[in-house]
Amino acid sequence: MLEELRPVNLLSAYACGIFPMADEEGVVRWVRPRRRAVIPIDDFRATRSLRAKVRQGIFEVAVDNSFGEVMRACADRPEGTWISEEIINAYEELHRLGFAHSVECRQRQELVGGLYGVTLGGAFFGESMFHRVTDASKVALFHLVERLRARGFVLLDVQFMTEHLRQFGTKEIAGREYERRLGAALELKRSFVDDMQDSSLEQSRDDEE
């Protein structure tokens, strides 16, 4: 593992609003956007059709069952990726230490969508998501927001604004405002998972009920 990607360095970077991305050659660059995209946890915008899909339970939703598989699926993009093998190894170590988590959607036991990110205090730093079946990543995001709201998280950082993220009520804020919100979130003590039972497969319908 690259020295700069060791857990203590990664966590220190996140606490300062910085995150790593690899370029086309796999060289790690540290990024601090001037403007930051955040999803308001209490004002998440879910369409009627998305809520219906969640209620229908067409996906089995799990937490932290297949972290590495989710990362590799997020990295598998025809247009290229910033998720290098070194970054995968580093975040898998963060996952083993309890700081990185995944939300996974399955159909007939096959992984068809999901997302992953890092937690510190009351902040969740969303890194990437993917889908192989329509709306699977949206359902994963819906469950992520529900979990963060239920557990008292106050910041959902999604780094850069995209049209895909805008539909959920994502807002772009100035770097100084982001640093203020991040500082407040880091003062909190929050837990993304409680125990091993928390990561067992659950039907979306059951989770809603």
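Keep in mind it's a predicted model, so treat the numbers as computed, not measured. Residue numbers count from 1 along this sequence.
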- prompt: Are E86 and S84 linked by a side-chain donor-acceptor pair shorter than 3.5 Å?
  reply: no
query: Could you walk me through whether F59 and V133 pass the side-chain contact (heavy atoms from CB on, under 4.5 Å) check?
result: CA-CA 10 Å; F59 300 110; V133 172; 4.0 Å; yes
message: Could you check whether any side-chain heavy atom of V54 comes within less than 4.5 Å of a side-chain heavy atom of H143, counting everything from C-beta outward?
response: yes
field: Side-chain donor/acceptor of E4 to backbone N/O of N9, under 3.5 Å
entry: no
query: Nearest 0.5 Å, what's the OH-CD distance between Y178 and Q159?
result: 8.0 Å
field: Derivation and outcome, ring-ring contact (aromatic ring centres under 6.0 Å, His included), residues F125 and Y14
entry: CA-CA 8 Å; F125 307 90; Y14 275 100; 4.9 Å; yes
task: With the side chain counted from C-beta on, respond yes when E69 and R72 share a heavy-atom pair under 4.5 Å apart, and no when they do not.
output: no
field: Nearest non-hydrogen partners of E93 and P7, listed with the distance
entry: CG-CG, 3.6 Å
task: Report the distance from atom OG1 of T47 to atom NZ of K53, rounding to the nearest 0.5 Å.
output: 9.5 Å
field: Atom pair CZ (F160) and CZ (R36), whose distance is rounded to the nearest 0.5 Å
entry: 7.5 Å
message: Could you check whether any side-chain N or O of E104 sits under 3.5 Å from a backbone N or O of N65, counting only pairs where one atom can act as donor and the other as acceptor?
response: yes
message: Any salt bridge linking E177 with R180? Criterion: basic side-chain nitrogen under 4.0 Å from a carboxylate oxygen.
response: yes
task: Could you walk me through whether K138 and Q167 pass the side-chain contact (heavy atoms from CB on, under 4.5 Å) test, one step at a time?
output: CA-CA 11 Å; K138 292 181 181 180; Q167 66 185 297; 3.6 Å; yes
query: Do L188 and F153 have side-chain heavy atoms sitting under 4.5 Å apart?
result: no
query: Any link between L186 and V8 through a network of hydrophobic side chains (Ile, Leu, Val, Met, Phe, Trp, Tyr) touching at under 4.5 Å?
result: no
field: From CD1 (I39) to CG (L155), nearest 0.5 Å
entry: 10.5 Å
field: Any donor-acceptor N or O pair under 3.5 Å, side chains T119, R151
entry: no
Heavy-atom pair of closest approach, residues C16 and L182: C-CD2, 4.2 Å
field: Test item: L115 and V70 side chains (from C-beta on) under 4.5 Å apart, heavy atoms
entry: no
- prompt: Taking the side chain as C-beta and beyond, is there a heavy-atom pair between V154 and R190 under 4.5 Å?
  reply: no
field: Nearest heavy atoms of C105 and V61, plus distance in Å
entry: SG-CG2, 4.2 Å
- request: Please examine the side chains of S128 and Y116, heavy atoms only from C-beta on, and report whether any two atoms are closer than 4.5 Å.
  value: yes
- line: In this structure, CG of L5 is separated from CH2 of W30 (nearest 0.5 Å) by 5.5 Å
field: salt bridge (charged side-chain N to carboxylate O under 4.0 Å, His left out): pairs with one or both residues in residues 107-127, sequence neighbours excluded
entry: none
query: Any chain of hydrophobic side-chain contacts (each under 4.5 Å) joining M161 to F124?
result: no
message: If hydrophobic clusters are built by linking Ile, Leu, Val, Met, Phe, Trp and Tyr wherever their side-chain heavy atoms come under 4.5 Å apart, do V27 and F19 end up in the same one?
response: no
message: Taking the cut-offs as 6.0 angstrom to the six-membered ring centre and 45 degrees off its axis, would you call R51 and F142 a cation-pi pair?
response: no
query: Given the rule in the side-chain contact (heavy atoms from CB on, under 4.5 Å) test, do R147 and V193 qualify, once you have shown the distances and angles that lead to the verdict?
result: CA-CA 9 Å; R147 173 175 289 265; V193 294; 4.1 Å; yes
field: Distance, nearest 0.5 Å, that separates CG of D42 from CG of L156
entry: 11.0 Å
- request: Verify side-chain contact (heavy atoms from CB on, under 4.5 Å) between F192 and L144, making sure each step is shown before the conclusion.
  value: CA-CA 10 Å; F192 192 77; L144 171 68; 3.7 Å; yes
query: What closest approach, in Å, do A100 and D64 show between heavy atoms, and which atom pair accounts for it?
result: O-OD1, 4.3 Å
- line: Of all heavy-atom pairs linking I41 and R149, the shortest is O-NH2, 2.7 Å
- request: Could you tell me which non-hydrogen atom of A37 sits nearest to which non-hydrogen atom of D157, and how far apart they are?
  value: O-OD1, 3.5 Å
message: Using the ring pair (Phe, Tyr, Trp, His ring centres under 6.0 Å) criterion, which residues pair with Y91? Sequence neighbours excluded.
response: none
